[in-house]
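Residue numbers start from 1 in every chain, and the chains themselves are labelled A, B, ... in the order their sequence lines are given, proteins ahead of strands. Every heavy atom of this structure was used, including side-chain atoms; hydrogens, water molecules and symmetry mates were not.
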2 protein chains.
Amino acid sequence: MNDRTQLLKGTLEGCILQVIRGEEAYGYEISEKLRMAGFPTVSEGTIYPLLLRLEKNGLLTATYRDSPYGPRRKYYRLTELGELALKDFYRQWRELVSCVDRLFAGNEGE
Amino acid sequence: MNDRTQLLKGTLEGCILQVIRGEEAYGYEISEKLRMAGFPTVSEGTIYPLLLRLEKNGLLTATYRDSPYGPRRKYYRLTELGELALKDFYRQWRELVSCVDRLFAGNEGE
DNA sequence: ATCACATACCTTGTCATACAAGTTAGTTGG
DNA sequence: CCAACTAACTTGTATGACAAGGTATGTGAT
């Protein structure tokens, strides 16, 4: 009925910002890292539009670089605005988690 | 840019099931309880369609009862299917939380 | 050379769902 | 009578995840 895709809404954007935060990364790499973090496979139809949107909104900047293994890669870096958005996301995320926890407190084991 | 509404996607459904789980409740009451749990005010344009959808999908059953204070209330109860869906939601929710936590582990304080 | 496969990026169209704004109704109190 | 609260519902809009498909480059096997 309701698959995980609805749960991901909004979360993914923040998680991608977090992945890029440490060091610049390109799309294909980001989806690998998310998979390694345990996320269900993130579709390319999800990730590329999202990256373009973040770039357009000024949270990311991009530069193309050649790859030794295939076509050139588009590396993304966080802007100042991106850092702020990331902090903001994490704050809101923690708040949501604590609300849900409060609601489910007492009957986890059932 | 991205307000909390996107973060709520999918989460709300499970939380409403959880509110109803303990004892039957009606829409207006549910939105109050969510607010008390710390959720940002949940719009009526959100909650009533959601309840109708859950009813239509067989996760909830409803009975009307008179109210001493206003128009009659529509009380919802969880079905077997609803209980299963709730368990399923919580499992997926915990999984998502642990993925995000894994990603952000190490630099919470910044 | 050719074919399969992995890498790498992008586009189009579809679906689910949260919300704003508005509608209809009942009750209570000034 | 009117305002305020309770209570449910409808319509229209925007967002964002995804499936499916397209383009292109490099590597290794046949």
- Item | Residues that Tyr75(B) engages under ring-ring contact (aromatic ring centres under 6.0 Å, His included), provided they are two or more places apart | Tyr26(B)
- Note on the structure: Between the CD1 atom in Ile16(A) and the CG atom in Leu86(A), the distance rounded to the nearest 0.5 Å is 12.0 Å
- Message: How many whole angstroms separate atom CZ of Arg65(A) from atom C1' of dC9(C)?
- Response: 16 Å
- Query: dC9(C) base to Glu44(A) side chain: any donor-acceptor pair below 3.5 Å?
  - Reply: yes
- Task: Check the pair Leu54(A), Ile20(A) against side-chain contact (heavy atoms from CB on, under 4.5 Å), reporting the backbone distance first and the verdict last.
- Result: CA-CA 12 Å; Leu54(A) 291 176; Ile20(A) 299 172; 5.8 Å; no
- Please list, chain by chain and in numerical order, all residues satisfying side chain to side chain donor-acceptor pair (under 3.5 Å) with Arg53(B), sequence neighbours excluded. Glu13(B)
- Could you tell me the separation between the CG atom of Asn57(B) and the P atom of dC15(C), rounded to a whole number of Å? 16 Å
- Taking only the side-chain nitrogens and oxygens of Ser43(B), find out if one of them lies under 4.0 Å from OP1 or OP2 of dA18(C). no
- Item | Atom pair distance, as rounded to whole Å: CG in Leu34(B) and P in dC19(C) | 11 Å
Every protein N/O lying under 3.5 Å from an N/O of nucleotides 2-7 of chain C:
unit_1, atom_1, unit_2, atom_2, d
dT7(C), OP2, Tyr28(A), OH, 2.8
dT7(C), O5', Tyr28(A), OH, 3.4

- Between the OH atom in Tyr90(A) and the CG atom in Leu103(B), the distance rounded to the nearest 0.5 Å is 10.0 Å
- Any residue meeting side chain to side chain contact (heavy atoms under 4.5 Å, CB included) with Glu95(B), in chain and number order, not counting sequence neighbours: Arg91(B)
- Does Tyr64(B) place a side-chain N or O at less than 4.0 Å from the phosphate oxygens OP1/OP2 of dG26(C)? no
- Can you tell me the distance, in whole Å, between the OH atom of Tyr76(A) and the P atom of dA8(C)? 14 Å
- Can you sort out which residues in residues 45-54 of chain A have a heavy atom within less than 4.0 Å of DNA chain C? Ascending by number, please. Gly45(A), Tyr48(A), Pro49(A), Leu52(A)
- Task: Check for a donor-acceptor pair, side chain of Ser67(B) on one end and backbone N or O of Arg72(B) on the other, with a separation under 3.5 Å.
- Result: no
- Task: Indicate, with a heavy-atom threshold strictly under 4.0 Å, whether Lys74(B) touches base, sugar-phosphate, or nothing.
- Result: sugar-phosphate
- Partners meeting side chain to side chain contact (heavy atoms under 4.5 Å, CB included) with Lys74(B) (sequence neighbours left out): Leu52(B), Glu55(B), Ala62(B), Tyr64(B), Tyr76(B)
- Here the distance between atom P of dT6(D) and atom CD1 of Ile30(B), to the nearest Å, is 16 Å
- Query: In whole angstroms, how far is the C1' atom of dA25(C) from the CZ atom of Arg72(B)?
  - Reply: 10 Å
- Query: Using rotation axes that map the C1' atoms of four end pairs onto the next four (five pairs an end), what angle separates the end axes of the helix from dA1(C)-dT30(D) to dG30(C)-dC1(D), to 10°?
  - Reply: 0°
- Message: What is the separation between atom CZ on Phe89(B) and atom P on dT17(C), rounded to the nearest whole Å?
- Response: 12 Å
- Query: Whole Å only: how far is the CG atom of Asp66(B) from the C1' atom of dT27(C)?
  - Reply: 12 Å
- Query: Excluding sequence neighbours, so at least two apart, what forms side chain to side chain contact (heavy atoms under 4.5 Å, CB included) with Ser98(A)?
  - Reply: Arg102(A)
- Task: Return yes if the base of dT15(D) and the side-chain atoms of Lys9(B) contain a donor-acceptor N/O pair under 3.5 Å, otherwise no.
- Result: yes
- Looking across every strand, which nucleic acid part, if any, lies under 4.0 Å from Phe39(B) by heavy atom: base, sugar-phosphate, or nothing? nothing
- Taken to the nearest 0.5 Å, the spacing of Leu7(B) CG from Leu12(B) CG works out to 12.0 Å
- Item | Partners meeting side chain to side chain donor-acceptor pair (under 3.5 Å) with Arg77(A) (sequence neighbours left out) | Glu24(A)
List, one per line, each side-chain donor-acceptor pair under 3.5 Å for residues 34-50 of chain A, sequence neighbours excluded.
unit_1, atom_1, unit_2, atom_2, d
Arg35(A), NH2, Glu32(A), OE2, 2.6
Ser43(A), OG, Gly45(A), N, 2.9

